[in-house]
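Throughout, a chain's letter reflects where its sequence line sits, starting with A, and its residues are numbered from 1. Quantities reported herein were computed from a predicted structural model and do not represent experimental measurements.
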Number of protein chains: 2
Amino acid sequence: MREKRCGRGAWWQDRFQDMGARITAPREVVLDILHETDDHVSATDVYVKAHEINPTIGLTTVYRTLDMLTQMGIVQKFDFGDGKSRYELVNNPDGKKHHHHLICLRCKTILDYTEFLDDELEFIGKTQNRLSKKYNFNITDHAISFYGFCEQCK
Amino acid sequence: MREKRCGRGAWWQDRFQDMGARITAPREVVLDILHETDDHVSATDVYVKAHEINPTIGLTTVYRTLDMLTQMGIVQKFDFGDGKSRYELVNNPDGKKHHHHLICLRCKTILDYTEFLDDELEFIGKTQNRLSKKYNFNITDHAISFYGFCEQCK
DNA sequence: TATTTATTGAAAATGATTTTCATTATTAAA
DNA sequence: TTTAATAATGAAAATCATTTTCAATAAATA
């Protein structure tokens, strides 16, 4: 087993309560794994790690949990074009800060960058406000990706 | 058959020449279809239309052509999380202007928006310059998506 | 405690995308 | 031109991520 959540419960557990979703062992394991990871992980990545911790956890449940977390806005789902989805905590207290992506169209390499967040914040904030109003959308997250060719491929 | 390219060749044909790629009937049909479409189409969408025009064109070739065009930067490939990739011309002279996406996490609806392009242009241009320099990347395109819940789903 | 409801995992089904391979069309060379 | 090399094609088979089905289990509620 692994150490339990600290104190009265992790930040995400309240969200579960609100949704009437149960806090189960498999779900805790998935959340723990996401907290420990800096990378964008695939469902299989999560499954493999989960399986090491608790071999009874099935791939289906991993998919279901990841999907649920995505819909709750706790996890962000990415598709970089290599056929499998990647998942990442939106708010990882210990982990990597919010970042954007630079994707090579030939070799599919993904570079995370965190620079220029100040300029970005300004732009995103403004746009987000305008969009939510205009389209009556409750915006919870965003993604910015640049495409092109990396040093090796250009 | 359908009308041939006007004059000495469409803009994309030069790109083909440069790459040593042949301008074949199936490829012309795929390009034509993309030009006629405003939507983000799936490979199957393209295949169905291509098939109406020329029933000998196979799905495999559609995939291959789309992939090739993506790598050439002529087409942009999107994944919105519904399991199939979408493709769209980057420069569609007659078609829709460059736009960004507003995606509902529950019902998966995709809204295109084109507002606020002036602010965006400024932000994107600046960031793009900085990134190309810093990471020695040849940036050809970008994508911005906002996630959240639409009117019905929130 | 009994009963309803949510969650789970295994196995099967689905469905998009890739690979294989033999054939055909195109270009380059002789 | 004719020929040799190469690129492109399509059908069928193979892959592989993701979903669905369904019976079993666990948790919440009456």
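Per the geometry, CG belonging to A/L59 stands 9 Å off P belonging to D/dA17, to the nearest Å. For the pair B/I57 CD1 and D/dA8 P, the computed distance is 15 Å after rounding to whole Å. In this structure, the CG atom of A/N54 is 11 Å from the P atom of C/dT8, given to the nearest Å. In this entry the distance linking CD of A/E28 with P of C/dT7 reads 14 Å, nearest Å. Taking atom NE2 of residue B/H51 and atom P of nucleotide D/dT9, one finds them 15 Å apart after rounding to whole Å. Taking atom OH of residue A/Y47 and atom C1' of nucleotide D/dC16, one finds them 15 Å apart after rounding to whole Å. To the nearest angstrom, P of C/dA16 lies 10 Å from CG of B/D45. Computed from coordinates, the A/D67 CG to D/dT18 C1' distance equals 10 Å when rounded to whole Å.
Look at B/T56 and you won't find any side-chain N or O under 4.0 angstrom from OP1 or OP2 of D/dT9. Between A/S85 and D/dT18 there is a side-chain N or O to OP1 or OP2 distance below 4.0 Å.
Here B/I23 contributes atom CD1 and B/F16 contributes atom CZ; the two are 7.0 Å apart, rounded to the nearest 0.5 Å. To the nearest 0.5 Å, atom CD1 of residue A/I74 and atom OG1 of residue A/T140 are 11.0 Å apart.
Across all strands shown, A/T60 has heavy atoms under 4.0 Å from base atoms, whether or not it also approaches the sugar-phosphate. Heavy atoms of A/T44 sit nowhere under 4.0 angstrom from any nucleic acid atom. Across all strands, A/R64 comes closer than 4.0 Å to base atoms (heavy-atom distances).
Nearest nucleotide to the side chain of A/K84, out of C/dT5, D/dT18, C/dG9: D/dT18.
Between B/H100 and B/H142, the ring center distance clears the sub-6.0 Å criterion. Here A/Y135 and A/F137 keep their ring centres 6.0 angstrom or further from each other.
The residue among B/R27 and B/P55 whose nearest nucleotide of DNA chain D lies closer to the 5′ end is B/R27. Both A/R22 and B/R86 lie close to DNA chain C; mapped to their nearest nucleotides by heavy-atom distance, the more 5′-ward contact belongs to A/R22.
Considering B/V90, B/T70, B/V30 in turn, B/T70 is the only one that fulfils the side-chain contact (heavy atoms from CB on, under 4.5 Å) rule with B/V75.
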